Amino acid sequence: MLRTSTFLAYASSIANLQRRQGDMTDAQQRLTSGLRVLHASDDPTAAARAERARALMQRAESTQRAVDASRNSMTLTESALANAGELMQQARELIVSAGDASYSDAERADLANQLAEIRKQLMGVANRSDGAGGYVFSGQGSGRPPFLDRPGGVDYVGTGGAVRVASDEPLPLTLDGGEVWLKSPSGNGVFETRNVNSAGAWVDAGRVTAPDQITGSTYSINFTVSGGTTSYSILKDGVATAVSGAPYVSGQAIEIDGMAVAVSGNPADGDSFEMAPSADDLSVFDALDRVVSELKTPSRTGAQVTQTVQNGLRDIDSLSDHLQSTRSMTGEILNRIDGVAGRLDDLKLFGESTRSDAEDLDMVQAISDFQNQQTGYEAALQTYSTMQRMSLFDYIKT
């Protein structure tokens with residue numbers, strides 16, 4: 001017959017009480033923390049899944065900060081380009097007004113002063129700060145304004161290129177200001193017309209009539225006046241072409257090798273015009289400086305004023321198109337940023353769901369388990385109390 005000593009019965013009851021109290025304490029901790037896995041030893045597999053999910057969310061948060069920085073920067077850039085576009089439109093309207101034949105030299109000089117003020121405002125936009133110690137158009141970064149206004153014109157003193165965020169998504173933080181402000185296509189984008197020396201005639205911006213015939217050469221249109229008749233000849237890179245002694249009609253197209261220009265007015269003997277290949281070297285500031293300088297020059301002929309207006313409008317339109325194109329690109333970047341932010345939100349939600357599935361507590365089940373453990377603990381207490389009453393020592397004391 002197996003006999004159980006009083007000490008063994010007490011020890012067993014106390015051990016049962018301690019075990020149940022420990023289980024109840026653990027259950028209470030899980031209820032308080034809301035976690036099923038408090039330590040890796042509770043469920044190594046679930047703990048590893050939760051840790052991987054947290055690492056995924058941390059990477060997503062890091063990328064989110066970089067995306068937010070790019071969004072802020074590109075928003076500032078888009079706003080700056082919008083301001084520049086408005087100023088360029090104001091400049092265009094002033095240049096159109098300068099073509100009014102009834103205006104005096106003083107009135108044109110007043111328009112030139114207004115254009116000079118717009119130029120100053122554009123300089124401020126080009127050197128706009130990003131609010132964090134940098135500049136919107138500083139390229140690869142600079143602690144000083146990227147554009148410097150010198151006597152010979154505006155120079156870009158920033159570092160060429162663009163800064164991108166250090167993340168899985170190569171989003172820009174800055175744009176290359178030199179490319180934005182100083183490198184628009186000259187002329188009409190294919191070739192540029194120039195009035196070499198005429199005070200009685202002017203030339204328009206020209207147009208392309210046959211793109212496949214463009215040669216990339218420089219052409220000179222030379223005028224000759226003899227016996228009251230005006231004619232012209234065209235040289236290609238200094239060499240005579242088949243167009244020689246052609247009769248001149250004001251405003252009529254002059255065509256050669258897929259290009260057409262219209263010369264208007266009364267060219268004098270020896271007057272010359274050029275058509276040269278377009279280059280990406282048109283500066284916002286240089287274009288305005290030329291118009292301002294010419295409008296301030298007194299005693300100019302009507303043809304010279306018209307040429308200034310023609311060239312000014314041509315350059316302003318090219319520059320405005322370039323700025324608008326850059327603004328559109330910035331808008332596309334902002335759309336891309338929105339897409340990246342959406343993917344990051346999905347990634348963080350996936351990581352949080354995975355972590356929650358791995359270690360979060362089912363509160364309904366946890367409360368039920370805690371109540372069961374509490375009931376078990378109370379039952380163990382009653383058992384221990386019963387064992388105490390059955391002790392032989394209680395009888396000896398009586």
Side-chain angles (χ1 to χ4, degrees), residues 92 95-96 98-99 153 182-226 229-284 286-291 293-294 297 300-322 325:
R92 192 183 197 284
I95 293 172
V96 170
L182 307 182
K183 293 185 178 180
S184 296
S186 64
N188 58 25
V190 177
F191 64 92
E192 178 184 2
T193 58
R194 300 167 185 163
N195 185 334
V196 177
N197 59 357
S198 179
W202 63 92
V203 63
D204 67 359
R207 62 190 182 279
V208 174
T209 57
D212 58 324
Q213 296 179 20
I214 300 295
T215 64
S217 298
T218 298
Y219 298 81
S220 296
I221 305 173
N222 300 321
F223 284 85
T224 302
V225 179
S226 177
T229 302
T230 303
S231 60
Y232 64 90
S233 301
I234 301 178
L235 303 181
K236 177 181 177 180
D237 292 332
V239 179
T241 66
V243 182
S244 179
Y248 166 71
V249 178
S250 178
Q252 190 175 82
I254 298 173
E255 298 187 63
I256 187 170
D257 292 345
M259 299 178 293
V261 298
V263 176
S264 303
N266 300 304
D269 187 44
D271 281 359
S272 179
F273 298 86
E274 285 186 351
M275 294 183 291
S278 176
D280 293 336
D281 59 0
L282 182 61
S283 162
V284 169
D286 289 348
L288 289 174
D289 285 343
R290 280 193 295 271
V291 176
S293 175
E294 292 175 9
T297 302
R300 302 178 76 225
T301 66
Q304 288 175 319
V305 171
T306 301
Q307 188 67 78
T308 294
V309 172
Q310 289 275 346
N311 290 347
L313 292 177
R314 176 198 65 193
D315 292 345
I316 287 292
D317 288 344
S318 176
L319 291 162
S320 295
D321 288 346
H322 185 66
S325 176

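Note that this is a predicted model, so its numbers are computed, not measured.
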Before giving the answer on side-chain contact (heavy atoms from CB on, under 4.5 Å), spell out for Thr308 and Arg300 the whole-Å C-alpha distance, their side-chain angles and the decisive distance to 0.1 Å. CA-CA 10 Å; Thr308 294; Arg300 302 178 76 225; 2.9 Å; yes
For residues [X] and [Y], determine if any side-chain heavy atom of one lies less than 4.5 Å from a side-chain heavy atom of the other.
X      : Y      : answer
Thr230 : Pro267 : yes
Leu235 : Asn222 : yes
Asp317 : Arg92  : yes
Val243 : Tyr232 : yes
Asp315 : Arg290 : yes
Thr215 : Lys236 : yes
Asp289 : Ser293 : no
Tyr219 : Ile221 : no

Could you pull out the closest heavy-atom pair between [X] and [Y], with the gap in Å?
X      : Y      : value
Ala287 : Leu319 : CB-CD1, 3.7 Å
Val305 : Ala98  : CG1-O, 3.7 Å
Gly258 : Gln213 : N-OE1, 3.4 Å
Leu282 : Pro185 : CD2-O, 3.7 Å

Please indicate whether Arg207 has more than 12 foreign heavy atoms, meaning atoms of other residues, nucleotides or ligands, lying under 6.0 Å from its CZ.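 Count not over threshold, so no.
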Within 6.0 Å of CG in Asp257, more than 12 heavy atoms from elsewhere: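 It does: Asp257 CG has more than 12 such atoms within range.
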May I have the list of side-chain donor-acceptor pairs in residues 186-201 shorter than 3.5 Å, sequence neighbours left out?
from	atom 1	to	atom 2	distance (Å)
Ser186	OG	Glu192	OE1	3.4
Ser186	OG	Ser278	OG	3.4
Ser186	OG	Ala279	N	3.0
Ser186	OG	Ala279	O	3.2
Asn188	OD1	Val190	N	2.9
Asn188	OD1	Phe191	N	2.9
Asn188	ND2	Ala205	O	3.2
Asn188	ND2	Gly206	O	3.2
Thr193	OG1	Asp204	O	2.7
Thr193	OG1	Arg314	NH1	3.4
Arg194	NH1	Glu274	OE1	3.4
Asn195	OD1	Asn197	N	3.3
Asn195	OD1	Ser198	N	2.8
Asn195	ND2	Ser198	O	3.3
Asn195	ND2	Ala201	O	3.1
Asn195	ND2	Gln307	OE1	3.2
Asn197	OD1	Ser272	N	2.8
Asn197	ND2	Gly270	O	3.2
Ser198	OG	Gly200	N	3.4
Ser198	OG	Ala201	N	3.1
Ser198	OG	Asp271	OD2	2.8

Tell me whether Thr218 contacts the main-chain N or O of Ala276 through its side chain, where contact means a donor paired with an acceptor under 3.5 Å.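 No.
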Nearest 0.5 angstrom please: Ile234 CD1 to Ile256 CD1, how far?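 Rounded to the nearest 0.5 Å, the CD1-CD1 separation comes out at 4.5 Å.
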With rounding to the nearest 0.5 Å, note down the distance linking CG in Asp280 to OG in Ser184.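 Answer rounded to 0.5 Å: 8.0 Å.
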May I have the step-by-step check of side-chain contact (heavy atoms from CB on, under 4.5 Å) for Ile95 and Val291, ending in yes or no? CA-CA 8 Å; Ile95 293 172; Val291 176; 4.0 Å; yes
Would you please test Val203 and Gln310 for side-chain contact (heavy atoms from CB on, under 4.5 Å) and show each step? CA-CA 8 Å; Val203 63; Gln310 289 275 346; over 6 Å; no
Only distances under 3.5 Å count here; give the side-chain donor-acceptor pairs of residues 244-254 to other protein atoms, sequence neighbours excluded, each with its distance to 0.1 Å.
from	atom 1	to	atom 2	distance (Å)
Tyr248	OH	Val263	O	3.1
Tyr248	OH	Gly265	N	3.4
Tyr248	OH	Gly265	O	2.9
Ser250	OG	Gly265	N	3.0

With no hydrogens and no angle check, just 3.5 Å: does a side-chain donor-acceptor pair link Asp237 and Ser217?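 There is such a pair (donor and acceptor under 3.5 Å, judged by atom type) between the side chains of Asp237 and Ser217.
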salt_bridge(Asp281, Lys183) N-O dist < 4.0 Å: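 Lys183 and Asp281: not salt-bridged.
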Please report the C-alpha distance between Phe273 and Val261 in whole Å, then the side-chain angles of each, then the deciding distance to 0.1 Å, and finally whether the side-chain contact (heavy atoms from CB on, under 4.5 Å) criterion is met. CA-CA 10 Å; Phe273 298 86; Val261 298; over 6 Å; no
All pairs passing salt bridge (charged side-chain N to carboxylate O under 4.0 Å, His left out) where residues 239-252 contributes a residue, at least two apart: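 Listed by first then second residue: nothing to list.
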